Amino acid sequence: MSALPRPWPASTPRPLVLLGTGAVGRALLARLQRGQQAGWPLRLHAVANTRQCWIARSGDGLAPAALPEAGPARPAEALLAGLRRAVVLDATASEDLAARHADWLARGFDVVSANKRGLGGPQARWDAIHAAQACSGARYGDAATVGAGLPVLRSLRALRAGGDRIHALAGVLSGSLAWLCEQHDGGVPFSQLLWQARAAGYAEPDPREDLSGADVRRKLLILARSAGWRLEPEAVRIAPLLPPALARLPLAEFARAANRLDRPWARRLARAQAQGGRLAYVARLDAQGARAALEILPAGDPLLAGAGTDNRVAIWADRYPRQPLRIHGPGAGAEVTAAAMLDEALALAGPRGWP
Ligand SMILES: NC(=O)c1ccc[n+]([C@@H]2O[C@H](COP(=O)([O-])OP(=O)(O)OC[C@H]3O[C@@H](n4cnc5c(N)ncnc54)[C@H](OP(=O)(O)O)[C@@H]3O)[C@@H](O)[C@H]2O)c1
């Protein structure tokens with residue numbers, strides 16, 4: 001483990017290394033470019049995806065309106081070489097990069113992640129990320145991993161810091177599944193809604209990440225661990241929303257076969273309507289363990305509050321034993337996710353208490 005870094009002069013902008021130029025990475029870049037005049041204590045050093053990278057020229061400031069000419073792809077390690085106290089922004093879904101988070105922290109780099117595979121991977125990875133922070137003093141921004149910046153994880157931390165035990169959690173944690181359940185009223189086949197969600201940027205690049213429950217599993221793991229539970233991914237019981245045969249297909253073939261989802265979804269909808277309820281994919285954590293499944297909720301259930309891609313989380317704790325604390329709001333989308341990441345980068349980079 002590295003030695004404690006020397007204090008960083010507040011006036012010196014911290015170098016940013018942005019990994020990922022997809023929906024979230026592009027939104028983050030645009031926000032940085034808009035903030036050029038705001039005096040933020042940040043300086044974009046490098047931007048990379050799997051195919052190309054851009055290295056800032058000296059004097060470029062926070063983020064140039066036009067990036068310099070792209071060079072060939074370089075691994076994250078090469079981009080970080082020689083940097084001190086950089087802030088690494090992980091806007092990818094890369095397993096390889098998630099496995100590097102603890103090492104970056106141990107070397108004194110702060111990490112801000114939208115990539116759930118860091119904290120939502122094996123328990124040992126969560127432990128390593130926390131041990132590295134304790135050892136090096138570097139910090140980890142996780143707000144974009146659950147609820148796209150809604151104050152969910154920070155509320156859990158505040159409750160626990162105030163002496164509460166977390167008794168249980170329930171949540172609609174997938175904005176894309178929330179949107180699909182809401183929009184699926186029988187008018188448009190489910191498979192068509194799925195591609196609309198993808199085109200709008202609500203669904204993951206491969207929508208089966210949402211339908212398989214894999215994305216909700218990672219979010220529930222992050223919530224559960226933040227609430228004090230220790231558990232491995234296999235301990236989360238997930239009811240997937242697509243048959244194994246479709247899960248195994250290459251993405252292009254899945255796109256052609258996705259209409260096989262329409263009949264089962266029409267049946268689910270009919271069952272919900274017959275009971276006077278609505279469909280929701282609900283994650284739960286309590287004495288019975290961690291699990292997620294499609295449920296029929298009675299109309300008016302707080303887990304159906306709001307609309308669209310909203311996330312909803314209910315937290316029962318010592319001070320909220322019967323009426324849970326409820327957190328509800330826009331919890332998906334590149335813009336809110338990028339904003340949450342940038343908020344954390346600013347909080348990490350500025351003097352304590354910034355902005
Ligand atoms: N979109 C949302 O609403 C949302 C909300 C909350 C959290 N998130 C999370 O945010 C992350 C990014 O989401 P997204 O929607 O922006 O995904 P995306 O559009 O698929 O973009 C992913 C980006 O990561 C890059 N990448 C993958 N591996 C890399 C590596 N090893 N080094 C550098 N770049 C790498 C890809 O490069 P190429 O372009 O070369 O393939 C691509 O630019 C995901 O973990 C997602 O779960 C997204």
Side-chain angles (χ1 to χ4, degrees), residues 16-31 45-55 67 70-80 88-101 103-104 111-121 125 141-150 152-153 171-180 196-223 251 308-311 313 329-345:
L16 293 177
V17 173
L18 170 60
L19 304 172
T21 59
V24 174
R26 282 197 306 275
L28 191 45
L29 204 48
R31 283 187 88 84
H45 171 74
V47 181
N49 57 30
T50 61
R51 297 159 285 117
Q52 292 175 305
C53 78
W54 295 259
I55 309 284
L67 288 175
R74 289 165 71 176
E77 289 310 324
L79 301 174
L80 289 169
V88 185
L89 302 164
D90 185 349
T92 78
S94 162
E95 182 66 31
D96 290 347
L97 294 184
R100 306 289 311 142
H101 289 179
D103 185 54
W104 293 335
V111 178
V112 174
S113 183
N115 183 352
K116 297 170 274 276
R117 292 170 197 261
L119 294 177
R125 191 176 291 167
D142 59 7
T145 59
V146 179
L150 290 178
V152 179
L153 297 176
V172 168
L173 306 178
S174 164
S176 46
L177 292 180
W179 184 87
L180 286 164
Q196 284 177 24
R198 180 65 196 107
Y202 304 149
E204 291 289 316
D206 181 342
R208 290 173 297 179
E209 278 289 298
D210 300 296
L211 294 176
S212 67
D215 190 61
V216 170
R217 181 198 301 271
R218 291 190 192 102
K219 289 175 177 165
L220 184 53
L221 279 167
I222 296 171
L223 277 176
L251 183 56
T309 59
D310 281 5
N311 279 204
V313 178
E335 282 298 331
V336 276
T337 306
M341 292 181 77
L342 187 53
D343 288 350
E344 289 198 307

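When a ligand or atom number is given, it counts from 1 through the structure's own listing order. Keep in mind it's a predicted model, so treat the numbers as computed, not measured.
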Below 3.5 Å, N or O to N or O, backbone or side chain included: is there any such pair between [X] and ligand 1?
{"X": "Lys116", "answer": "yes"}
{"X": "Gly25", "answer": "no"}
{"X": "Leu19", "answer": "no"}

Close approach of Ala148 to ligand 1, heavy atoms, under 4.0 angstrom: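 Contact absent.
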Indicate, as side chain, backbone, both or neither, the part of [X] found under 4.0 angstrom from ligand 1 when only non-hydrogen atoms are considered.
{"X": "Thr337", "answer": "side chain"}
{"X": "Ala114", "answer": "both"}
{"X": "Ser94", "answer": "side chain"}

Taking only heavy atoms of [X], which atoms of ligand 1 are found under 4.0 Å from at least one of them?
{"X": "Arg51", "value": "38 (P), 39 (O), 40 (O)"}
{"X": "Ala93", "value": "44 (C), 45 (O)"}
{"X": "Ala334", "value": "3 (O)"}

Nearest-option assignment for atom 45 (O) of ligand 1, heavy atoms, candidates Leu97, Asn49, Thr92, Thr309: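 It is Thr92 whose heavy atom sits nearest to atom 45 (O) of ligand 1.
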From Val216, Leu211, Leu180, residue fulfilling side-chain contact (heavy atoms from CB on, under 4.5 Å) relative to Ser174: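 Answer to the side-chain contact (heavy atoms from CB on, under 4.5 Å) test with Ser174 among Val216, Leu211, Leu180: Val216.
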Electrostatic pair Glu209:Arg117 at N-O distance under 4.0 angstrom: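 Result for this pair is yes, salt bridge flagged.
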